[in-house]
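The next block holds one structure in the form of structure tokens; read it before the comments.
One-based numbering along the sequence shown. Just so you know, ligand 1 is whichever comes first in the structure, and atom 1 is the first atom listed for that ligand.
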Amino acid sequence: MTDLPLARNPLRRSLLTGTGAAIAFGTLGPVRSAFAQGAPARSLPAYAAFKDAGSMIVHSANTIETRRGAAGNGALTTVNQLYVRNNLTPPSADIVAKPDDWVVQIEGVRRPKSLTVRELKAMRTERVAMVLQCSGNGRGMFPSKPSGTPWQVGAAGCVMWTGVPVRDLVHATGGVLPGMLFMTGTGGEVLPVGVDAKSRVERSVPAAAMEDAVLAWEINGQPIPLAHGGPLRLVVPGFTGVNSVKYVKKLAFTTVESDSSIQQTDYRMTPSAEAAIRPTDPSVWQMPPKSWINTPLAGVAKLGARGLLIQGVAFAGVNAVKQVDVSMDGGATWQRAALAGPDLGRFAWRQFELPVQLPAGQYVLASRVTDVRGNVQVENRVENKAGYLNSSWRDHAVAITVA
Ligand SMILES: Nc1nc2c(c(=O)[nH]1)N[C@H]1C(S)=C(S)[C@@H](COP(=O)(O)O)O[C@H]1N2
Ligand SMILES: [Mo]
């Protein structure tokens, strides 16, 4: 019903699928909330058809999350189980047909340069494992029901990227010019004629993030598929997903933040009471410490001969995980869990596990991570208008019954 005005405008309908875009067209008024989650879709869209359908929740053609627990407790998330989020309709698949021909411009350095992926591949490569998490992951747990996709825990995964360290590129191009405070990546979506250029996906992060950032062409050892930003993606470890710009066509060091809507009027921690997201509110950049349990899930838990093995994942943005504590009584008391599996570096998540024996009864299982700097996962979500950065251990707790 509320969809009608959009149906009359095929351009908007096909191009714009996210909250950022909705804000760019701030005149949409009452259609915004229906629009913000994209066109309803039950099956995987063609560009993400390779996903493991049984593991995914298809919110819309451009918002697809991993079901809680579906990806198990592996160190890395397989590409066919990794969530997908596009703010605009992705570019044509033609761009990944000849990935080595893709060109990226480097600007804001002493010797600005255009480089093909082929040329990048001839440079020193680096691998980085990192959590890719949408800023809105956990939005579905906000009782305030902010508009936008109601993600649970599955707009997140941990993947390994291979590419050229941005600091090497900066070195090769003569260094960053003085006064450049930000690193700005521009996505390769082609905006149809007449669409405001502010709708482009262009994100700025503090320039210091270049020390960890990579221009990547591989994800988990395979060429990056279109769905995840191939042929080339800027990845900014420790920062929320929106900062890792897909199909990156320009990497610029800039004096100011991008004037794009996705930078200025979206992805900011605006207090809930405000009417609109304001460019002065803090941008969603580094991820706060967060963990959640993947087994058991809420419901009746079956105990094995050795009791119950509580398992989950924990990460802390740019900082390594120090410890994870697990509660079985909704946070009244805590026990230290063991960190399991390989340590893939400070930007990756760690698996944690705790074997427990539980008499029949009801339990509320929660996990709480502490990073090496002493930052502790928050008990309660930080309320904000758009429902970003929900890291609350309370919201992520699972109620189980042991029969
Ligand atoms: N070019 C481009 N980059 C983008 C986006 C986009 O729409 N276009 N979406 C961002 C957002 S909001 C997220 S959460 C991640 C999602 O990455 P994924 O689809 O590979 O999981 O990509 C980010 N990079
Ligand atoms: Mo996102």
Side-chain angles (χ1 to χ4, degrees), residues 15-24 36-38 44-45 47-48 50-51 56-66 71 77-92 95-96 102 104 130-139 146 148-151 154-161 184-191 199-205 213 215-216 218-220 222 224-237 239-251 258 260-263 266-268 283-285 287 386-390:
L15 178 73
L16 302 170
T17 49
T19 51
I23 288 168
Q37 288 165 36
L44 291 163
Y47 76 98
F50 64 91
K51 295 279 163 185
M56 311 309 289
I57 302 167
V58 184
H59 292 285
S60 78
N62 285 326
T63 47
I64 304 166
E65 85 170 281
T66 318
T77 308
T78 62
V79 176
N80 64 9
Q81 291 182 310
L82 181 64
Y83 82 101
V84 178
R85 199 282 188 252
N86 282 299
N87 296 70
L88 304 176
T89 298
S92 155
I95 66 169
V96 287
W102 183 260
V104 63
M130 65 169 225
V131 173
L132 182 71
Q133 179 186 223
C134 183
S135 316
N137 197 30
R139 179 186 289 126
T149 306
W151 307 106
C158 185
V159 288
M160 178 83 76
W161 305 97
T184 299
T186 310
E189 289 100 338
V190 179
L191 299 183
S199 308
R200 72 192 183 282
V201 175
E202 187 174 273
R203 283 286 299 176
S204 304
V205 295
L215 280 183
E218 271 182 21
I219 180 173
N220 291 357
Q222 66 182 74
I224 304 178
L226 183 75
H228 296 298
L232 191 70
R233 182 169 190 169
L234 170 65
V235 294
V236 185
F239 285 58
T240 60
V242 69
N243 300 292
S244 286
V245 175
K246 308 202 246 189
Y247 353 96
V248 65
K249 66 174 188 189
K250 186 161 85 181
L251 178 67
S258 171
S260 63
S261 308
I262 204 171
Q263 185 77 24
D266 215 346
Y267 293 91
R268 289 184 183 268
S283 205
V284 173
W285 279 330
M287 296 188 287
Y388 295 131
L389 300 183
N390 189 351

Less than 4.0 Å is my threshold; does some heavy atom of Ser244 fall inside it relative to ligand 1?
yes
At less than 4.0 angstrom from any non-hydrogen atom of Asn87, what atoms of ligand 1 do you find?
5 (C), 6 (C), 7 (O), 9 (N), 10 (C), 11 (C), 12 (S)
What heavy-atom pair brings Val131 and Met287 nearest, and what distance separates the two atoms?
O-CE, 3.6 Å
Under 4.0 Å from one or more heavy atoms of Cys134, ligand 1 contributes atoms 14 (S)
Determine whether any heavy atom of Ala227 lies closer than 4.0 Å to an atom of ligand 1.
yes
Verify, without hydrogens or angle tests, whether Asn220 (side chain) and Met160 (backbone) share a donor-acceptor contact under 3.5 angstrom.
yes
Would you check, one step at a time, whether the test side chain to side chain donor-acceptor pair (under 3.5 Å) holds for Asn86 with Tyr47?
CA-CA 11 Å; Asn86 282 299; Tyr47 76 98; 3.1 Å; yes
What about Tyr247: any of its N or O atoms under 3.5 Å from an N or O on ligand 1?
no
Is the ring pair Trp151/His59 parallel, tilted or perpendicular, if the boundaries are 30 and 60 degrees?
perpendicular
One finds that the ligand 1 atoms under 4.0 Å from a non-hydrogen atom of Gly187 are 1 (N)
The protein heavy atom nearest to atom 23 (C) of ligand 1 is Gly241 O, 3.2 Å
In this structure, atom 3 (N) of ligand 1 is nearest to the protein heavy atom Lys246 N, 2.9 Å
Main-chain N/O of Ser204 paired to Ser258 side chain as donor or acceptor, under 3.5 Å
no
How far apart are the closest heavy atoms of Ser135 and Val242, and which atoms are they?
OG-CG1, 3.7 Å
Shortest protein contact, atom 21 (O) of ligand 1 (heavy atom only)
Tyr83 O, 2.8 Å
Which bit of Ala155 is near ligand 1, meaning a heavy atom under 4.0 Å away: side chain, backbone, both or neither?
neither
With a 4.0 Å heavy-atom cut-off (strictly under), which part of Leu132 contacts ligand 1: side chain, backbone, both or neither?
side chain
Pick, from Glu65, Glu202, His228, Arg233, the option with the minimum heavy-atom distance to atom 22 (O) of ligand 1.
Arg233
Considering residues at least two apart in sequence or located in another chain, which fulfil the salt bridge (Lys or Arg N to Asp or Glu O under 4.0 Å) criterion with Arg200?
Glu202, Asp259
Between Trp151 and ligand 1, which residue portion shows a heavy-atom distance shorter than 4.0 Å: side chain, backbone, both, or neither?
neither
Ligand-side contact atoms (ligand 1) for residue partner Val84, heavy atom cut-off under 4.0 Å:
19 (O), 21 (O)
Has the side chain of Asn137 got a donor or acceptor atom that lies under 3.5 Å from a matching backbone atom of Cys134?
no
Out of Glu189, Gln133, Arg203, who is nearest to atom 2 (C) of ligand 1 when you count heavy atoms only?
Glu189
Side-chain donor/acceptor of Lys51 to backbone N/O of Leu82, under 3.5 Å:
yes
